[in-house]
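Working notes, structure below.
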Amino acid sequence: MEADHPICRHVFDKPFKVVTSEDEVIMVEANVICVHTDASKSEDGVEIGVFSKDLEISLSFSLQEHASVFQAEVQAICVGAKHISDMKVKDCKICFFSDSKSALAALGNCNIKSKTVYDCISSLSSLGLDNEVTLHWVQGHNGNVGNETADQLAKEACSRTDYDETVYYGLDIVKREIREWLIRQHFRIWCSEKGSRTAKKLLGPTNKNSLNDALKLTRRDLSILIGALTGHMSINSFLVKLNLSNSKFCRFCSTAEETMAHILCDCKSLCAFRHKHFKEDVVNIGGIRKQRYLDLVGFIKDIGIL
C-alpha cells in the first residue's frame, strides 16, 4: 500500500486563496471562470465530478474503492486544476467551488498532513502562477446549479473506472486492514486448535461490540453467558461427561441431544421462549451470533436450566 500518511511539510507561500467563512459574501464577477467540484461515496464506489460552464468542462471519474470522501473531495479539486492547466488558461480569475469545508481547510493550512493534499496544492500552485485562483466553500444541495451539476456528474461515474492515477491509502484504511487481518488470523488459529467446539460454533469471529456488551453485564449474568457460549453449564450433554446425568437427550423435547446449539436454535418445545427473547421461533447459528448477550442471558434464565 502506498499510504497517505502524515508528512512533515510546510507551505507558507501559496499563489491561491481559500475562503471557508459562511459570512463572507461570494461576489462572482462577469469575467470570473467558475469551476464546481464534488465527490460522492456509496455502495457503488467513490466518484468525483468537475463542472465549469465557462470552460465547457464536464468531468466524472470513479476512484479506487479505498478512497475516503475527504480524499475524493481534494482529488476533485486537483483534477480540475490539472485539467485547466492543460488547457493553457492564463491571465484569468478562476474560482473553485466545493461543499467540503474539511478539504478547503486542509488546502488552506500551512501544515501539510497528507500526500493527497500536497499534490493538490502543487496543482493549484501551478495554475496560480499564471492566474488568480480562489477556492470558495458553497453549501451543498442548496439549489446551486453548478454544485448540483458536479454532484450529478460524480454520481454518473459509478460504473466507470477510467481514472488512471493512484489514490493513496489513508492511514485509517491501513489501520483497519491491519485490525481485520489480526481478527482473521486470531479466528483461524483458534479454529485450528482442538476443543472448544461449542464456543467456536456460537461465538464466531471476534466482535468488539459484543465484547463491550459483555462487560456491561453483572458478574452473575456474565457467568451465565460464559456457560451458555461454552456449553459448560447444567445441560445433559455436559452433565453426562461429569457422570451427573444418565441421559444426553433434551429434557424439553426428548428427541435430540441436549446441547447449547439445540437449546438455543432448534428445540421446538422452546419456541415461545425463543420468540420472546429473539423475536423468532427458530434461530440458526448465525442468528445466535447476532443476538444481544443480554437477550441470551434472559433466555437461559427463563427456560429454567440453571
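Nothing fancy with the numbering, it's 1 onward along the sequence.
- Each salt bridge (charged side-chain N to carboxylate O under 4.0 Å, His left out) pair with one or both residues in residues 244-254, not counting sequence neighbours, appears once here: Arg251-Glu258.
- Residue pairs satisfying the salt bridge (charged side-chain N to carboxylate O under 4.0 Å, His left out) criterion with at least one member in residues 285-306, sequence neighbours excluded, are listed as follows: Asp221-Lys301, Lys276-Asp302, Arg292-Asp295.
- Every pair tested for ring pair (Phe, Tyr, Trp, His ring centres under 6.0 Å) that includes a residue from residues 247-266 fails, sequence neighbours excluded, so the list is empty.
- Every residue was checked against the ring-ring contact (aromatic ring centres under 6.0 Å, His included) condition with His83, not counting sequence neighbours, and none meets it.
- Applying the side-chain contact (heavy atoms from CB on, under 4.5 Å) criterion to Lys194, with sequence neighbours excluded, gives no partner residue.
- In this structure, Phe273 has no ring-ring contact (aromatic ring centres under 6.0 Å, His included) partners at least two apart in sequence or on a different chain.
- Checked by atom type and distance alone, the side chain of Lys41 never pairs as donor or acceptor with a backbone atom of Glu47 at under 3.5 Å.
- Scored by the side-chain contact (heavy atoms from CB on, under 4.5 Å) test, Asp119 finds Tyr168 as partners (sequence neighbours excluded).
- Remark: Phe16 engages no residue in a ring-ring contact (aromatic ring centres under 6.0 Å, His included) (not counting sequence neighbours).
- A ring pair (Phe, Tyr, Trp, His ring centres under 6.0 Å) check over residues 202-225, counting only residues at least two apart or in different chains, returns nothing.
- In this view, Leu211 and Thr206 satisfy the side-chain contact (heavy atoms from CB on, under 4.5 Å) rule, not counting sequence neighbours.
- The stretch residues 130-151 participates, sequence neighbours left out, in these salt bridge (charged side-chain N to carboxylate O under 4.0 Å, His left out) pairs: Asp151-Lys155.
- Checked against ring-ring contact (aromatic ring centres under 6.0 Å, His included), His232 has the following partners two or more places apart in sequence or in another chain: Phe238.
- Ring geometry for Tyr169 against His66 counts as parallel: the plane angle stays under 30°, on a 0 to 90° scale with 60° as the upper cut.
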